[in-house]
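To start, the structure under review is shown below, and the notes come after it.
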Amino acid sequence: LQMFSTSLALCTYSVLHSYAEQIDSTTDDISVHIRWSYAEKPFRIDRIDMAIQWPELPESRIAAAQRAASMCTLHNTLEHPPKVITTVSR
């Protein structure tokens, strides 16, 4: 699950990095923290909390950065889950 959460954090960071370039800002001080909890039957991730700290971001840009962060491909995939088809062969 560490790889899963790292992928989500990296995807979100890359979108925010692109956004930072558009507004002439930097991402040098961004930190992304992810926590998750589990559910049973079936055992799975039940909730993901992602906290992004970006001290250099102007207050007037917070809402836009929030929208940008939610545009990450993995975020969208979790919001609209794909069908997963598993095959086993030899």
Side-chain angles (χ1 to χ4, degrees):
L1 292 171
Q2 287 79 12
M3 288 176 28
F4 178 82
S5 63
T6 300
S7 297
L8 180 59
L10 185 57
C11 181
T12 302
Y13 173 82
S14 67
V15 171
L16 290 176
H17 182 75
S18 294
Y19 174 68
E21 288 178 343
Q22 292 175 12
I23 64 169
D24 289 328
S25 187
T26 67
T27 55
D28 296 341
D29 63 346
I30 283 184
S31 62
V32 180
H33 300 273
I34 294 190
R35 297 176 63 160
W36 60 87
S37 60
Y38 298 104
E40 300 286 335
K41 298 182 182 176
F43 185 70
R44 65 198 181 282
I45 295 172
D46 181 43
R47 179 184 172 121
I48 300 169
D49 292 309
M50 183 166 26
I52 301 165
Q53 295 174 330
W54 190 355
E56 285 186 28
L57 184 67
E59 187 76 27
S60 63
R61 300 285 187 160
I62 290 176
Q66 180 80 38
R67 286 190 303 274
S70 69
M71 296 172 74
C72 152
T73 302
L74 289 177
H75 187 135
N76 286 332
T77 299
L78 292 169
E79 291 285 329
H80 308 280
K83 289 186 181 200
V84 177
I85 300 167
T86 304
T87 58
V88 177
S89 61
R90 57 169 240 174

Point-to-point distance, once rounded to the nearest 0.5 Å, from OG of Ser25 to NE2 of His17: 10.5 Å
Inter- and intrachain pairs under ring pair (Phe, Tyr, Trp, His ring centres under 6.0 Å), touching residues 40-90, at least two apart: Tyr38-Phe43
Minimum heavy-atom distance Glu40-Arg44, with the two atoms named: O-NH1, 3.1 Å
Minimum-distance pair of heavy atoms, taken over all atoms of Ser31 and His33: OG-NE2, 3.4 Å
Heavy-atom pair of closest approach, residues Ser5 and Ile34: O-CD1, 3.2 Å
For the student: nearest non-hydrogen atoms of Ala69 and Ile52, plus distance: CB-CD1, 4.0 Å
Whether over 12 other heavy atoms sit under 6.0 Å from Arg47 CZ: no
hydrophobic_cluster_shared for Tyr13 and Trp36, side chain cutoff 4.5 Å: yes
Pairwise distance SG(Cys72) to CG(Leu78) - rounded to 0.5 angstrom: 8.0 Å
Distance, nearest 0.5 Å, that separates OG of Ser37 from CD1 of Ile48: 9.0 Å
Thr27 to Leu16 - nearest heavy-atom pair and separation: CG2-O, 4.0 Å
Donor-acceptor contacts under 3.5 Å from residues 83-90 side chains, at least two apart:
none

Give the table of side-chain donor-acceptor pairs shorter than 3.5 Å for residues 55-64, with sequence neighbours excluded, one pair per line with atom names and distance.
residue: Glu56; atom: OE1; partner: Thr26; partner atom: OG1; Å: 2.7

Common cluster, Met50/Ile45, ILVMFWY with side-chain heavy-atom separation under 4.5 Å: yes
Qualifying residue, where the test is side chain to side chain contact (heavy atoms under 4.5 Å, CB included) with Leu8 and the options are Leu10, Thr12, Thr6: Thr12
